[in-house]
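Predicted model only: the values in this text are computed from it and were never measured.
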Amino acid sequence: MSGGQNEVQATFWLVDAPTSLVQLSETQPDGVGLGTFDGNGSPSVYRKPVAANRSQTFIADAHEVSSRTFLAHIRHATAGEPTIENTHPFEQHGRLFAHNGVLGDLPALRERLGAHAELVKGSTDSELYFTLMTKRIEEHDGDVIAGITHAAREIAAEISLYSLNMLLTTATDIWALRYPDTNELWILERSIAALGGPDGGFDQRSASGITRVFSGQLSIRPATVIASQPMDTNPLWRLLEPGELIHVDPELRVTSTIAVPDPPANMLELTAQEAVAQEEAS
């Protein structure tokens, strides 16, 4: 999520939303992580390889942390053991990254990293994906969109995959990719014009009518949220198109491009249980 020029309280989105990280953790038992940035733009990452409903520290952090951008993730392990090193979000060169998907051919993927393999601390497909992205960004002279596009197209054409859905954040910007259509990724843009009215406030109930959600701070401030599922009943949630790459800049301007137009060359097959876990990851 990005609050643009404003720091945003994370309470609503992490804990109080109808589809919250705590609720999702019932089927995502392998780890939780929360990444934020301080006033100087330095990243801070809390990671714990347990379910969110067993992590009181994580829940307390979610209530109290503020940041212009933040990245939260609950992990269902498909590659790599449930360790701190394998828990999202990952940090490289001041950027935070989380992935919702599965990649195959990990030795072939690692070979592409060259000297950048030194950045890899764990054993997950996600961290290899992130490291390839970091390498391609550097090769494109720091152009993040070009680097993401290069890495995603390369994997889509040459590495087996189930999903490349990912979020990448700095202290000021967010990038999000949905590819292909196997997992969903949603965006909610709350502009000044949308605030203050009965449909724009953050005093709502879930679709079931049981859970009430409230955020006084976000009822008067714009914000952009990207999540694997809509986190409330706001009709402004939009499902990203397959291959769509979103950039949210420091002014909350959202730009979109179809970064990966072609279908994957080699799709992985998942079990029914694995597929459900993918759909529920955040």
Side-chain angles (χ1 to χ4, degrees), residues 21 24-25 27-35 43-52 55 58 70-137 147-148 150-152 154-156 158-169 175-180 182-183 185 227-228 264 266-271 273-282:
L21 292 182
L24 289 177
S25 71
T27 53
Q28 301 292 302
D30 297 306
V32 297
L34 178 64
S44 176
V45 178
Y46 170 81
R47 298 187 293 179
K48 192 170 185 178
V50 296
S55 174
F58 177 78
F70 70 86
L71 180 57
H73 187 269
I74 291 179
R75 179 172 184 251
H76 180 82
T78 54
E81 294 299 316
T83 64
I84 289 178
E85 292 80 9
N86 289 336
T87 303
H88 306 225
F90 304 105
E91 187 271 327
Q92 292 178 7
H93 297 179
R95 305 183 191 99
L96 300 178
F97 173 90
H99 169 221
N100 176 17
V102 183
L103 303 179
D105 304 332
L106 300 192
L109 183 55
R110 180 179 286 272
E111 287 180 2
R112 297 171 184 269
L113 304 181
H116 284 74
E118 296 179 355
L119 296 173
V120 179
K121 307 302 181 185
S123 58
T124 65
D125 52 351
S126 301
E127 193 177 13
L128 295 176
Y129 174 24
F130 181 27
T131 306
L132 181 63
M133 190 176 297
T134 296
K135 180 180 180 181
R136 299 305 181 219
I137 291 170
I148 293 173
H150 186 162
E154 181 178 353
I155 293 172
E158 303 178 29
I159 302 291
S160 59
L161 66 91
Y162 182 78
S163 173
L164 292 182
N165 283 19
M166 70 90 201
L167 288 170
L168 182 72
T169 67
W175 296 264
L177 173 69
R178 181 190 181 208
Y179 181 81
T182 44
N183 289 341
L185 194 61
S228 59
N266 187 4
M267 279 291 295
L268 286 174
E269 297 288 337
L270 299 187
T271 67
Q273 182 176 2
E274 289 172 334
V276 169
Q278 288 294 304
E279 292 170 2
E280 293 176 342
S282 176

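Judged as a side-chain contact (heavy atoms from CB on, under 4.5 Å), and not counting sequence neighbours, the contacts of Pro264 are Leu161, Tyr179, Pro180, Met267. Annotation: side-chain contact (heavy atoms from CB on, under 4.5 Å) contacts of Asp105 (sequence neighbours excluded): Ala108, Ile159, Ser160. In this view, Arg136 and Glu139, Glu154 satisfy the salt bridge (Lys or Arg N to Asp or Glu O under 4.0 Å) rule, not counting sequence neighbours.
Atom CG in Leu168 sits 5.0 Å away from atom CD1 in Ile148 (nearest 0.5 Å). In this structure, OH in Tyr162 is found 14.5 Å from CG in Asn266, a value given to the nearest 0.5 Å. Separating the CD atom in Glu127 from the CG atom in Leu113 is a distance of 9.5 Å, to the nearest 0.5 Å. The distance from the CD atom of Gln92 to the NZ atom of Lys121 is 9.0 Å, given to the nearest 0.5 Å. Residue Thr134 holds its OG1 atom at 9.0 Å from CD of Glu91, rounded to the nearest 0.5 Å. To the nearest 0.5 Å, the span separating CD on Glu118 from NE2 on His116 amounts to 9.5 Å.
Summarising the geometry of Gly122 relative to Val120, their closest heavy-atom pair is O-CG1, 3.4 Å, with the distance given to 0.1 Å. The two residues Ala98 and Leu71 have their closest heavy-atom pair at N-CD2, 3.7 Å. Summarising the geometry of Val45 relative to Pro89, their closest heavy-atom pair is CG1-O, 3.7 Å, with the distance given to 0.1 Å. Closest of all the heavy-atom pairs between Leu268 and Gly104 is CD1-N, 3.7 Å.
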* **Criterion side-chain contact (heavy atoms from CB on, under 4.5 Å) on His93 and Leu119, from CA distance to verdict** => CA-CA 10 Å; His93 297 179; Leu119 296 173; 4.0 Å; yes
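In summary, of the residues considered (Asn183, Leu185, Asn100, Leu164), a side chain to side chain contact (heavy atoms under 4.5 Å, CB included) with Arg178 occurs for Leu185 alone.
Met133 is not listed as a side-chain neighbour of Arg95, based on a closest heavy-atom distance of 4.5 Å or more. Residues Phe97 and Met166 are in side-chain contact: their nearest non-hydrogen atoms beyond the backbone lie under 4.5 Å apart. Within the 4.5 Å cutoff, the side chain of Leu34 has heavy atoms near those of the Phe70 side chain. Using a 4.5 Å heavy-atom threshold, the side chains of Phe90 and Thr124 count as touching.
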